[in-house]
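Here's the structure, in structure tokens; my notes come after.
All chains are named by letter (A, B, ...) in the order of the sequence lines, taking the proteins before the strands, and each is independently numbered beginning at 1.
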2 protein chains.
Amino acid sequence: MTQEIIPAGKRLALSSGLAGLSGARPLLDRTGTVARLADILRAQITEGGLPPGTQLAEHAVAEALGVSRNTLREAFRLLAHEELVVHEPHRGVFVRTPDAGDVRDIYTTRRLVECAAVRNADSAPSGAVAEIRAVVNAAQAAAAEQRWNDVGTADLRFHSAIVALAGSRRLNDMMRRVLAELRLVFHMMADPHRFHEPYVHRNAEIAALVERGETDAAVGALLAYLDDAERQLLTGIAERSTQSSESIT
Amino acid sequence: MTQEIIPAGKRLALSSGLAGLSGARPLLDRTGTVARLADILRAQITEGGLPPGTQLAEHAVAEALGVSRNTLREAFRLLAHEELVVHEPHRGVFVRTPDAGDVRDIYTTRRLVECAAVRNADSAPSGAVAEIRAVVNAAQAAAAEQRWNDVGTADLRFHSAIVALAGSRRLNDMMRRVLAELRLVFHMMADPHRFHEPYVHRNAEIAALVERGETDAAVGALLAYLDDAERQLLTGIAERSTQSSESIT
DNA sequence: ACGGTACGGATTGTTGAGCAATCCGGCAAG
DNA sequence: CTTGCCGGATTGCTCAACAATCCGTACCGT
């Protein structure tokens with residue numbers, strides 16, 4: 001009611017000058033302790049510092065990170081919602097241990113989403129394909145220096161860039177979560193180098209096809225990629241489970 | 001998921017007789033207060049009891065629901081992660097007010113996911129198409145009795161059933177969240193009957209095409225459906241925003 | 001030995017209160 | 001009409017406590 005007095009001219013003059021600042025806002029509004037907590041824990045989990053199955057006792061973690069038990073619980077809720085952690089009532093939270101069903105589920109959603117995103121490459125938002133190329137280059141650089149962990153992150157970022165072709169924030173967020181989960185599976189595998197090494201070349205191939213606009217071929221290559229990776233992860237998990245059951249008996 | 005704590009021998013002996021009970025488990029393991037809180041609030045929000053923009057003051061809500069402020073905060077984190085609610089630091093949580101950008105984003109992910117799911121109808125999990133038919137019948141029954149709100153829920157469940165054709169739990173969860181968000185948009189529209197009424201017939205048509213295995217035609221009809229709905233929602237939001245800005249000037 | 005059971009310790013679930021940090025609205029001064 | 005400041009209210013986070021639940025273990029009768 002009271003603001004109708006602002007002259008339209010002055011308002012426009014200001015908005016044009018401040019338009020560039022709206023993008024910088026996310027850097028300012030630091031979300032607070034619990035978001036930072038979740039970041040730390042998420043990083044520790046996806047980086048392998050906290051192997052699947054590890055229990056995260058509230059008292060211990062709260063004291064270790066110097067935060068209250070209640071705030072930590074809020075962070076746990078977030079991670080549980082992202083499925084990086086499972087919350088068993090009255091027992092505690094544990095780093096998730098994905099099983100074969102999870103891997104299959106993850107790869108069916110990846111097949112569906114990533115292939116559809118590539119098919120949409122024509123009407124992709126500007127800069128999306130450039131981002132793909134950049135990530136591929138980073139992966140090749142990391143591979144040349146034998147930094148296999150970085151190769152893994154580059155791989156996941158590559159597929160995030162693929163999904164970004166669809167141009168939907170919600171889709172990006174969802175796949176970022178799924179790929180973080182997938183990283184848990186990577187850490188359950190033996191020989192990460194062996195696993196990641198062949199895919200950097202295939203990623204580059206897919207990127208080239210997308211750049212050249214041969215979307216059908218790109219989709220085919222991507223499908224083959226996903227099938228191979230799924231198969232490999234499933235056999236890896238199978239070996240691991242048989243060996244663990246042997247160790248129990 | 002797996003409960004590998006049980007000795008393998010005992011597990012096999014029991015699992016044959018108890019396999020039918022695994023489905024009843026979710027009824028037993030009551031997750032606790034915060035999950036119930038989130039359910040209540042989610043229902044209130046999606047049902048329209050808490051219109052977009054409403055502030056949810058911690059003290060007031062906590063007292064109203066007879067729960068501690070800390071527990072309520074945990075529930076808020078969940079809803080914020082589901083984007084039903086926005087969390088502005090040091091200001092509070094508000095029921096989300098989706099804008100035109102949100103509608104466009106939601107519909108691009110819907111187009112991508114739902115169409116791909118229908119294309120996968122051949123290898124859909126058993127019972128998925130039957131579920132679609134059941135939901136369509138429910139929608140028609142509700143429409144015959146002029147229960148437009150129930151028509152809206154049936155519509156969303158219809159599309160959940162469509163997504164279920166893909167056979168991925170993660171995809172189902174994600175789309176359930178997106179559709180709940182979409183419901184917020186519905187509540188911002190005037191004349192819900194007018195909006196929902198034509199779609200019950202189009203849903204039935206799509207269901208018939210899927211049942212008959214004419215997936216290409218089904219995809220086409222679904223695409224047209226989504227485009228029309230998006231257009232309609234966008235104009236509705238545009239009207240609303242202009243009228244609100246008029247009320248300010 | 002073996003299945004059942006009761007007990008004790010430890011962890012989680014939830015509460016309530018408290019304090020610092022921050023935001024909002026209004027009021028006074030320039 | 002802007003600027004700065006103050007008071008009230010709300011949030012962010014902590015702390016301590018208690019109830020509920022789970023786990024391992026020792027105990028029991030057979």
### CA sep, side-chain torsions, deciding dist, call: A:His87, A:Phe94, ring pair (Phe, Tyr, Trp, His ring centres under 6.0 Å)
CA-CA 7 Å; A:His87 186 98; A:Phe94 303 80; 9.5 Å; no

### Query
Do you know which two heavy atoms are closest between B:Leu50 and B:Val95, and how far apart they sit?
O-CG1, 3.6 Å

### Query
Rounded to the Å, how far apart are B:Glu88 CD and D:dG12 C1'?
15 Å

### Task
Round to a whole Å and report the spacing from NE2 of B:His59 to C1' of D:dG12.
16 Å

### Task
Using atom types as modelled and distance alone, determine if a side-chain donor or acceptor of A:Asp99 lies under 3.5 Å from a backbone N or O of A:Gly101.
yes

### Task
Rounded to the nearest angstrom, tell me the gap between atom NE2 in A:His90 and atom P in C:dG13.
6 Å

## Note on the structure
Rounded to whole Å, the CZ-C1' distance (B:Phe94 to D:dT10) equals 10 Å

### Distance below 4.0 Å between B:Thr71 side-chain N/O and C:dG13 OP1 or OP2
no

### Query
Starting at the 5' end of DNA chain D and moving along, which residue's nearest nucleotide shows up first, B:Ala57 or A:Val67?
B:Ala57

## Note on the structure
Here the distance between atom C1' of C:dT12 and atom CD of A:Glu58, to the nearest Å, is 6 Å

### Query
Quick one: A:Leu72 CG to C:dT11 C1', roughly how many Å, whole number?
14 Å

### Query
Which is it for A:Asp155 and A:Val135 under the side-chain contact (heavy atoms from CB on, under 4.5 Å) test, yes or no, and what are the steps along the way?
CA-CA 8 Å; A:Asp155 184 45; A:Val135 175; over 6 Å; no

### Query
Does A:His87 make a side-chain N or O approach to OP1 or OP2 of C:dG13 shorter than 4.0 Å?
yes

### Query
Do the side-chain N or O atoms of B:Arg69 get closer than 4.0 angstrom to the phosphate oxygens (OP1, OP2) of C:dG16?
no

### Query
Can you tell which of C:dC24, C:dT14, C:dT15 lies closest to the side chain of B:Asn70?
C:dT15

#### Entry: Pair of N/O donor and acceptor under 3.5 Å linking C:dT14 base with A:Arg73 side chain
no

### Summary
Between CG of B:Leu65 and C1' of C:dT15 the distance, given in whole Å, is 15 Å

### Query
Starting at CD of A:Glu74 and ending at P of D:dG12, how long is that distance when rounded to a whole Å?
8 Å

### Query
Side chain of A:Arg77: nearest nucleotide among C:dT14, D:dG12, D:dC22?
C:dT14

### Message
Return the CZ to CG distance between A:Arg110 and A:Leu179, rounded to the nearest 0.5 Å.
### Response
5.5 Å

### Task
Please determine if a side-chain N or O atom of A:Ser68 lies less than 4.0 Å away from the OP1 or OP2 oxygen of D:dC13.
no

